[in-house]
A.B. asks: 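To start, I am sharing the structure in question, which I have written as structure tokens.
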Number of protein chains: 2
Amino acid sequence: MTDPADLLRKHGLPITAQRLGVLRAVAARPHATADAIAEDVRSGIGSISRQAVYNALGMLAGKGLIRRIQPSGSAALYEDRVGDNHHHLICRTCGTTADVDCAVGKAPCLSASNNAGFRIDEAEVIYWGTCPDCLTKA
Amino acid sequence: MTDPADLLRKHGLPITAQRLGVLRAVAARPHATADAIAEDVRSGIGSISRQAVYNALGMLAGKGLIRRIQPSGSAALYEDRVGDNHHHLICRTCGTTADVDCAVGKAPCLSASNNAGFRIDEAEVIYWGTCPDCLTKA
DNA sequence: ACAAACTCTTGACTTGATCCAGTATTATGT
DNA sequence: ACATAATACTGGATCAAGTCAAGAGTTTGT
Ligand SMILES: [Mn+2]
Ligand SMILES: [Mn+2]
Ligand SMILES: [Zn+2]
Ligand SMILES: [Zn+2]
């Protein structure tokens, strides 16, 4: 059921060692960059090209199997946890990223005061601040 | 009072043609990229280096005279309107960016349900969707 | 007008990500 | 199991946004 190969099959995606590796890596380390994921996959299956990592991440994100977060001023992060509209808390000092449950519920979790005629499909919320570790060091 | 040169002086910044040009360009076209601002300044004072544009934008943003917005997957945007904690609405199709007043008030305008020990100093909110123009074209 | 402090220009460089063409792998039909 | 078509992977070039560093040029305070 949650078998990675079945998950790919269920979405009509050909099963490859690279995609399985990427799926596993994303599950293993939430909020990792494409680069960190590539490293992780390499330590599992020996090697993978940068392009294959981006292809897999893009495809999986497109199908809704994983989620992409793009914090200002750093590489995109990927995670496993989808469908629950949670938000993120990022440390300005060390970049540590933590999950925050949405205070409201379903996406879009906030209604804009004046939507200017737009049809809104997502409200992206990122809280910036300082993490506990960096607070004690400061 | 709102004279650009006075504004710079008031913040202890030496007055240069480049900085004045950047200030004027940012005021003239809200939510423009550094590149668009450079073009605008060039049409005003003849020429400016890319670096000078980045220097000026960084310095002005640091002093709080302008605000930088960094939408996922595109270049940073700059604007004049500061100090009112407003948010943004971005069209996924054409990139058009509109202002939205904050529904709550002062920053951080949202309290996270569980702050995980972080000290939050900003809540960045971007609404994604489709603008009126792109809706009719679709 | 002078010196000190600061800014601007130029060109190389970095990072994150994408494009492309050729090769290899996977899935499908017999 | 085998041939074939569809699809994915690789390696290298390329791109966009932004940063770095050294020397030339401005601005400011006296
Ligand atoms: Mn998360
Ligand atoms: Mn705005
Ligand atoms: Zn931290
Ligand atoms: Zn649009």
A.B. asks: Taking DNA chain D as the partner, which of residues 59-69 of chain A come within under 4.0 angstrom of it by heavy atom?
C.D. replies: none
A.B. asks: Using five base pairs at each end to define the local axes, how bent is the helix from C:dA1-D:dT30 to C:dT30-D:dA1, to the nearest 10°?
C.D. replies: 40°
A.B. asks: CG/A:Leu57 to CG/A:Leu77 distance, rounded to the nearest 0.5 angstrom?
C.D. replies: 11.0 Å
A.B. asks: Donor-acceptor pairs under 3.5 angstrom involving side-chain atoms of residues 91-98 of chain A: please list them, not counting sequence neighbours.
C.D. replies:
unit_1  : atom_1 : unit_2   : atom_2 : d
A:Arg92 : NE     : B:Asp121 : OD1    : 3.1
A:Arg92 : NE     : B:Asp121 : OD2    : 3.1
A:Arg92 : NH2    : B:Asp121 : OD1    : 2.6
A:Arg92 : NH2    : B:Glu122 : OE1    : 2.8
A:Thr97 : OG1    : A:Gly95  : O      : 3.1

A.B. asks: To the nearest 0.5 Å, what is the distance between CG (B:Leu23) and CG (B:Leu8)?
C.D. replies: 5.0 Å
A.B. asks: Tell me the ring-ring contact (aromatic ring centres under 6.0 Å, His included) pairs involving residues 4-30 of chain B, sequence neighbours left out?
C.D. replies: none
A.B. asks: For residues 13-23 of chain A, which residue pairs qualify under side-chain hydrogen bond (donor to acceptor under 3.5 Å, both in side chains), counting only residues two or more places apart or in two chains?
C.D. replies: none
A.B. asks: With sequence neighbours left out, what residues match A:His31 under ring-ring contact (aromatic ring centres under 6.0 Å, His included)?
C.D. replies: A:His88
A.B. asks: For DNA chain C, find the residues of residues 46-56 of chain A with a heavy-atom distance under 4.0 Å and give them by number; none if there aren't any.
C.D. replies: A:Arg50, A:Gln51, A:Tyr54
A.B. asks: Between A:Val26 and A:Val22, does the side-chain contact (heavy atoms from CB on, under 4.5 Å) criterion hold? Intermediate values first, please.
C.D. replies: CA-CA 6 Å; A:Val26 171; A:Val22 167; 4.2 Å; yes
A.B. asks: Rounded to the Å, how far apart are A:Leu8 CG and D:dT7 P?
C.D. replies: 16 Å
A.B. asks: Enumerate the residues from residues 20-44 of chain B whose closest heavy atom to DNA chain D is under 4.0 Å, giving them by residue number; use none for an empty result.
C.D. replies: none
A.B. asks: Please produce a list of atom pairs where a protein N or O lies less than 3.5 Å from an N or O of nucleotides 22-28 of chain D.
C.D. replies:
unit_1 : atom_1 : unit_2  : atom_2 : d
D:dT28 : OP1    : B:Ile15 : N      : 3.3

A.B. asks: Hey, what do you get for CG (B:Asp80) to CZ (B:Arg29), rounding to the nearest 0.5 Å?
C.D. replies: 13.5 Å
A.B. asks: Between which nucleotides of DNA chain C, read 5' to 3', does contact with chain A run, using atoms under 4.0 Å from its heavy atoms?
C.D. replies: C:dG16 to C:dA27
A.B. asks: Quick one: closest heavy-atom pair of A:Ala61 and A:Arg68, and the distance?
C.D. replies: CB-NH2, 4.0 Å
A.B. asks: Going by the ring-ring contact (aromatic ring centres under 6.0 Å, His included) test, which pairs reach into residues 42-83 of chain A, not counting sequence neighbours?
C.D. replies: none
A.B. asks: Can you measure from CH2 (B:Trp128) to CD1 (B:Ile90) and round to the nearest 0.5 angstrom?
C.D. replies: 4.0 Å
A.B. asks: Going from CD1 on B:Ile126 to CD1 on B:Ile69, what distance comes out if it is rounded to the nearest 0.5 angstrom?
C.D. replies: 7.5 Å
A.B. asks: Under 4.0 Å between a Lys/Arg side-chain N and an Asp/Glu carboxylate O for A:Asp101 and A:Arg81?
C.D. replies: yes
A.B. asks: Can you name the nearest heavy-atom pair linking A:Leu13 to A:Leu60, along with the distance?
C.D. replies: CD1-CD2, 4.2 Å
A.B. asks: CG of B:Asn85 to CZ of B:Arg67: how many Å apart, nearest 0.5 Å?
C.D. replies: 7.0 Å
A.B. asks: Enumerate, atom names and distances included, each donor-acceptor pair closer than 3.5 Å involving a side-chain atom of residues 129-138 of chain A, sequence neighbours excluded.
C.D. replies:
unit_1   : atom_1 : unit_2   : atom_2 : d
A:Thr136 : OG1    : A:Asp133 : O      : 2.8

A.B. asks: Can a donor-acceptor pair be found, under 3.5 Å and without considering hydrogens, that links the side chain of A:Arg42 to the backbone of A:Ile48?
C.D. replies: yes
